[in-house]
Amino acid sequence: MITYVFIVLAVFLLLASFFTVKQQSAAVIERFGKYSSTRQSGLQLKIPVIDRVAGRLNLRIQQLDVIIETKTKDNVFVKMKVSVQFKVIQEKVYEAFYKLEYPHDQITSYVFDVVRAEVPKLKLDDVFERKDDIAVAVKRELNEAMTTYGYDIINTLITDIDPDIQVKNAMNRINAADREKTAAEYEAEAGRIRIVAKAKAEAESKRLQGQGIADQRREIARGLVESVDVLNKVGINSQEASALIVVTQHYDTLQAIGADANSNLILLPNSPQAGSEMLNNMVASFTASNQVGEAMKKANSTKRVPKANSKDEFGTTEENE
């Protein structure tokens, strides 16, 4: 019976001598309450009853999210979420296990201290623009403090900046007003471009229209000259030729008016004599104008221009005729 007891005890002690450590983990061994060694991953051996596994540490990268409420330089309260990525330094498992009892609380305290020292120096807009600078400051401060305790700060990220709801609404209104202002400026510029383009098009249209009318009148005048020359060659004088041309154009106009069924134009007077009378009036006006011009030329040529007076050597004035 005693033999069985010793056998069971021996098996128990043998089994208690072996233990395993998971990958990316470390086990701290104490002997009679005092630190003995650090064991890495794999199958490990310890002295039963004398040695014990005091604790295990995770060597993988861990993340701690810290939410902080602080005030900016322009007196705006914001909530910031800082994500700290850290891990236990494999060569400093002793420091990480024995020097810090609550490492998460220690890291959180440093994050609070750095953020509340940096953010009050910046305005709200600068906090959004320089969040990476704040993250670098947090990482630098944490590295200086936590390396002593066996922790390595891999990275710090500011993942969220949340101002008060009223401040966000005000910022949205400012942004909307700014975009509306920009849209109004673009619309005004587009309207100006349309007006300028329309004015240029109208000017070009009027220029081309005037050029067309001038060309038309030039061709009409050339045609009239040719018509008068042809009529003169068959023994019709210039006055009779002009009267014939006026009558012909009169009937051409009447024909053009009658060809349009929707025309409501009334030509008064519409007799051929009216065209002849207009021609006679024009000829009389041209003749009178020519006579007046000839009379003015003769008057100017007969008018004498007085010459300047000159003085002789005795100071007397002589008039030059």
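Each residue takes its place number in the sequence, starting with 1.
At most 12 non-hydrogen atoms from other residues, nucleotides or ligands lie less than 6.0 angstrom from CD of E101. With a 6.0 Å radius and a threshold of 12 heavy atoms from other residues, nucleotides or ligands, R130 has its CZ atom at or below the threshold. Around CD of Q166, the count of heavy atoms belonging to other residues, nucleotides or ligands within 6.0 Å does not exceed 12. For F19, the CZ atom sits in a packed shell: over 12 heavy atoms of surrounding residues, nucleotides or ligands are nearer than 6.0 Å.
Shown here for A96 and G150, the closest heavy-atom pair between the two residues is CB-O, 4.1 Å.
Comment: R31 engages D51 in a salt bridge, judged by a side-chain N to carboxylate O separation of less than 4.0 angstrom.
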Just do the ring pair (Phe, Tyr, Trp, His ring centres under 6.0 Å) check on H104 and Y151 with the steps written out, would you?
CA-CA 11 Å; H104 287 189; Y151 286 89; 8.3 Å; no
Steps toward salt bridge (charged side-chain N to carboxylate O under 4.0 Å, His left out) verdict (R52, E30)
CA-CA 6 Å; R52 73 179 187 91; E30 291 181 352; 3.0 Å; yes
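Atom OG in S17 sits 10.0 Å away from atom CD1 in I50 (nearest 0.5 Å). Taken to the nearest 0.5 Å, the CD atom of Q24 stands 12.5 Å off from the CG atom of L57.
Side chains of S205 and R207: no donor on one and acceptor on the other come within 3.5 Å. Checked by atom type, the side-chain pair D65/Q63 shows a donor-acceptor distance below 3.5 Å. Remark: the Q90 side chain and the Q40 side chain contain an N/O donor-acceptor pair separated by less than 3.5 Å.
Under the 3.5 Å distance criterion, the side-chain polar atoms of R140 are left unmatched by any main-chain donor or acceptor of A135.
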